[in-house]
Every structure is written in C-alpha cells, then in structure tokens.
Amino acid sequence: ACLALFRVGAPQVAIPLFGAVWRSALGPSPLTIYLSAQPGAGKSLLAALAQQHFGAGMHEAALPASVKHSTAASVNALRALVGDAVFVLDDFMVSGNAADDAKINEKIDNIVRAQYGGTGAQRLSRDGSLSTNAAPPPRSTLILTGETLPRGGSLRQRLLVLELPGRLEQDLGPMKVAAAKGVYAGAMAAFLRWLAPQMDAVRAELRGLVAAAAARLSADARDVDRDHRTAFLLAEVDVGVQLFSRFAAHVDEGLGGDLEMLRQFTRAALREMTSTQHAHRAAQDPAVRFVELLAAALSGGRCHVTLDDGTAPENATAWGWRVAGSTPNVESEEPEQIEAFDDHPAPAPPEPTRAKRIVYRGMGDCVGVVHAAEGLVWIKPEVAMGAVRAMAVSSGDPLALTTEDLPRRLHEKGLLAKTDLKSNRAYAVRGPKETGFARGYLCLKTATLLSGGDPADGSTGSTGSAGGGDAVSGNAE
C-alpha cells in the first residue's frame, strides 16, 4: 500500500514527500519540504497522507499545526516533543498587507532555520547567565504547505520546494480510507520493528549514505544547477527511499521489479529537481534581484543612465529617459517649382517634409554611464542601490543586501564584466573617462542588465545634456 503513494501525481512531488516520511524515523534531519499549490489542488490532503504514517487520526482537517495560529517558538517546542516523525505545518499564505506578510515570513524563516541548523532557541537568565531552560532542538522532519512561496534567498536554500502543477486528477479516496484505517501507520510500526535491532548500525552509516547520494546528485547536475545544499537535502530524500526499499524487499521479496523501478524514478526525479530548485533560489538571490530591480527601475523611469557625452542612449526609454517634447518644426529645403501651361497638368508636388526633433529627459537620479559600442555600463552602487531599494519596497519584497556586500555578490554570480581584483583586490573599478576615472564603479554588460531595447522607442541618435536634463533626438516624426 505504501509503495503506491510514490506514484501519486508527479514523481517530483510524490518521491520527495514520501521519501521524507521514511527518512524522518532515523532521527533529526535538516530537511524541510515545502508543498506549494493553489487552493483546492490537494496539497493538504497529500501532506495528511504523509502525516498519517504516524497517526491515523491526523487527516487533512486535523493536522498538527497551522502557520496562522502558531508561533515559531510553539511549533519548534512541539516538534521537539513529537520526535522522529514528520510534522505538517499547514497553510502558509500572504494577505497583501506588507507588515503582516513580513511577520509571517519571519515566522517561517525562524522555523526553517531551526530545522536546518538543528538548534533550539537559547536564552539568558535575569542575572545574565545561560539559562538551563533553553528550548530543545526540533527533531521531527518538517513539511510545510502553502499557496505562495516564502521570500528570501537564504531561506529557500534551506528547503525543497515541491509544486503541484494543478488539481490532482488521481482518485485518492482509497488512500484516504487506508490512512483512516491505520494501514500506513501500521506499515510505519512494522518498519520501526524491523529497524530497531539495526538502528545503531544504520545511524552509523547514515552520514556516508547521505554523502554518497549527494556526490552522485552533484555529478548528475548541470554546472549551473550544482549547489551543495540542494544536493544534501535531496540526498536525505534518497536515503529515505533507500531505507524504504530495503524494508519492502525484506517484507516481500516479490517486489524486486517494483522497487527497481522506484529507484530509477527516484534518481530521475531528484536529478530534475536540481534544476527546479536552482530556479526557485535564483529568483530570490540578492545579486540577481538587484540586477532585475535595477532594470525595472530604469525601464520604469525611476532612474537613468547616460551616454559618455551625457546624452540619451538609443532605446532611451529602456534606460530611464522619457519624451519631454520636441523642437520647433523645420521645413526642408526644396527646389523652386516653375509653373508651366499644360493641357494635362502633373499632380501637385507633395508638401515639404517637416521634421521634429524629439527631446528626452532623464528621469530620477543618474545611476551611471553606458558605452553602447563596448556593450558596457558603469553603475554607481550607492545611487543605484537607493533606486533598487525603493523599487523592492514598493513591490512588497525588500532586498536583503547592503551596498558593501553588493560588489562581492555580483562577482560571485558572474554578473560583473570587469573587476580590479588583480591590482587592487577590489570588485569595483574606475569609471570611464567622462567620470574623471573615479573609483567605485561597478561594470556590467548591457546585455546582463537589460534583456533588450524598447521596441516602441524609435530613436537612432541623440544630442543634449545629462543629469536629468533634456536630450534632443534628430528623428523625423
């Protein structure tokens, strides 16, 4: 019956979820599963099937705790009492209120960090000595459910995100009945009886099993997806599936073919998850978010960059410029038309072409200089960070990055086109000639900063002044 659970929905969901169930019986684990789906998709039902391995009565309407009605301290204390089992914390969601959402995200951050670090809250007594009533570390393996992903790049590095693509089409009715009758709890009891005589030996080899699985997953992953935290969290799942397979083979030798298929599905699912987890983490990486927010601030007209002569670049609107007006009309010079009598007169000549010169104005602060020919842009980090932070706050997702750490984080992500590490051990470089070769600029490729020009902008050349002033484009309108 338990083997069928690994085939519920997509393997990238079922295998990590139920692999965590069998891993939890071995003791504390850094593993946190985050099961994400829209309302009505079946995430709480799936989480309940995992939870009911440790108690038939803990169905989807009677899960151990909910995010909204629990504090981080109470959840961690309860999980320390629960011990070696899974613990479902249900229904993480945001309301749209920035203050409330920040508090609930902080709550999840505290819970997940305690899980990953295996530490309880430390306290001091009134006299300043270390309290003997410090909170014990949480022992149970955490399963979170929610509709939206929690914010924070560091937080997402400490959990595995499982996304249900839509409503489960499979009929889970028979599994709900089996869970309510205690079938899964009975299987877990049998597993613990099988495991008990060899518990010390299995725990002794646990570290080696996890390390071997992590090495294999890292070797299978693409270079861009390779991450040691992801590999070790997925390795915890792999070990859980390995232990279940050993137990199932012990109970029924005829399951050899099914268990071999499970091992193949597990390896394929975990290999694919290295890519999906990388995508979830990259979306919240502070350096990547800085570049994305800066591009959004430029295209949204919250700041701008100039050419080396202080004028508006091509695709000016993508670089933070807006049309401020146009110069007076200028009639083109045409040769004098000599009238002549003709029984069949030719059509009247067209009206003289009238051209307009478009005037652009740089919006907000000037954050840097772009060299279009070289494909490089020099950014003043202090000014750019101000625009980026304002953009992040307005989106309801503040950027957890300081100006001091920004150059290093950009370099680590390979986002800097030039550094001064060889001569001055600095990530920042001197600005171009028009900045007076001032120090402290960050050099990026224009292709890194922008995905492309604004097709609605038709400028092909520009002249004028910088620093929020006007620039005049010579295009006819």
Side-chain angles (χ1 to χ4, degrees), residues 1-24 26 29-37 41-43 46-47 49-50 53 86 141 143-144 149 156-170 172 175 191 205-206 208-249 252 254-283:
C2 295
L3 184 59
L5 291 173
F6 286 98
R7 296 191 288 269
V8 175
Q12 294 78 18
V13 174
I15 288 175
L17 180 62
F18 294 106
V21 169
W22 303 99
R23 167 61 185 88
S24 67
L26 288 177
S29 167
L31 180 62
T32 293
I33 298 290
Y34 186 86
L35 185 57
S36 175
K43 59 183 180 297
L46 273 181
L49 292 176
H53 284 74
V86 295
T141 298
I143 297 177
L144 281 163
L149 298 182
R156 291 195 188 178
Q157 288 180 350
R158 289 166 167 79
L159 49 79
L160 291 180
V161 177
L162 315 181
E163 288 188 297
L164 286 175
R167 186 179 179 85
L168 285 171
E169 297 180 358
Q170 188 171 349
L172 299 184
M175 298 178 184
F191 174 74
E205 68 170 333
L206 179 60
L209 289 173
V210 171
R216 184 177 66 252
L217 288 164
S218 294
D220 289 345
R222 300 179 304 167
D223 289 343
V224 68
D225 298 329
R226 196 166 289 130
D227 178 83
H228 75 280
R229 281 181 175 168
T230 300
F232 273 97
L233 291 177
L234 292 174
E236 294 280 332
V237 170
D238 188 85
V239 169
V241 176
Q242 287 184 48
L243 289 173
F244 170 78
S245 298
R246 290 187 197 177
F247 166 65
D252 187 349
L255 292 175
D258 291 331
L259 295 177
E260 177 59 30
M261 186 175 297
L262 174 61
R263 281 190 285 269
Q264 293 177 7
F265 281 156
T266 298
R267 182 162 187 175
L270 298 186
R271 184 189 304 118
E272 183 173 337
M273 285 186 68
T274 59
S275 297
T276 58
Q277 299 308 303
H278 172 79
H280 289 308
R281 290 165 187 181

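Just so you know, these numbers come straight off a predicted model, no measurement behind them.
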- Message: Test side-chain contact (heavy atoms from CB on, under 4.5 Å) on Arg158 and Thr32; report intermediate values, then the result.
- Response: CA-CA 7 Å; Arg158 289 166 167 79; Thr32 293; over 6 Å; no
- Item | Over 12 non-hydrogen atoms of neighbours within 6.0 angstrom of CD in Glu169 | no
- Sole candidate of Ile33, Leu159, Leu160, Leu217 that passes side-chain contact (heavy atoms from CB on, under 4.5 Å) when paired with Leu233: Leu160
- Exactly one candidate in Leu35, Leu162, Leu5 meets side-chain contact (heavy atoms from CB on, under 4.5 Å) with Leu46; the answer is Leu35
- Task: Give the minimum heavy-atom separation between Ile143 and Ala50, together with the two atoms involved.
- Result: CD1-CB, 4.0 Å
- Message: Take a 6.0 Å sphere around CZ of Arg263 and say whether it holds more than 12 heavy atoms from other residues, nucleotides or ligands.
- Response: yes
- Closest non-hydrogen atom pair between Gly19 and Val241, with its separation: CA-CG2, 4.0 Å
- If every non-hydrogen atom of Asp238 is compared with every non-hydrogen atom of Ala213, which pair is closest and at what distance? OD2-CB, 3.6 Å
- Query: Excluding sequence neighbours, so at least two apart, what forms side chain to side chain donor-acceptor pair (under 3.5 Å) with Arg156?
  - Reply: none
- Item | Test of ring centre spacing under 6.0 Å for Phe244 and Phe6 | yes
- Arg246 meets the side chain to side chain donor-acceptor pair (under 3.5 Å) criterion, sequence neighbours left out, with Glu205
- Could you tell me whether the side chain of Arg267 reaches within less than 4.5 Å of the side chain of Asp220, counting heavy atoms only? yes
- Phe247: partners by ring-ring contact (aromatic ring centres under 6.0 Å, His included), with sequence neighbours left out: Phe191, Trp194
- Find the distance between CG (Leu144) and CG (Leu149) and round it off to the nearest 0.5 Å. 11.0 Å
- Is the side chain of Ser218 donor-acceptor paired with the backbone N or O of Ala215 at a distance under 3.5 Å, no angle test? no
- Task: For residues Ala41 and Leu164, report the shortest heavy-atom separation together with the two atoms involved.
- Result: O-CD1, 4.2 Å
- Does some side-chain heavy atom of Asp227 sit less than 4.5 Å from a side-chain heavy atom of Gln277? no
- Query: Looking at Ala214 and Ala235, what are the two nearest heavy atoms and their distance?
  - Reply: N-CB, 3.6 Å
- Query: If you round to the nearest 0.5 Å, how far is CZ of Phe265 from CD of Gln12?
  - Reply: 10.5 Å
- Interatomic distance, CZ@Arg7 vs CG@Asp258, rounded to 0.5 Å, equals 6.0 Å
- Message: Any non-hydrogen side-chain atom of Phe18 less than 4.5 Å from a side-chain atom of His53?
- Response: yes
- Item | Shortest non-hydrogen separation from Pro16 to Met273 and the atoms involved | CG-SD, 3.3 Å
- Any chance you could measure Lys43, atom NZ, to Leu168, atom CG, to the nearest 0.5 Å? 11.0 Å
- Could you tell me the separation between the CD atom of Glu163 and the OG1 atom of Thr276, rounded to the nearest 0.5 Å? 8.0 Å
- Interatomic distance, CG@Leu31 vs OG1@Thr141, rounded to 0.5 Å, equals 6.0 Å
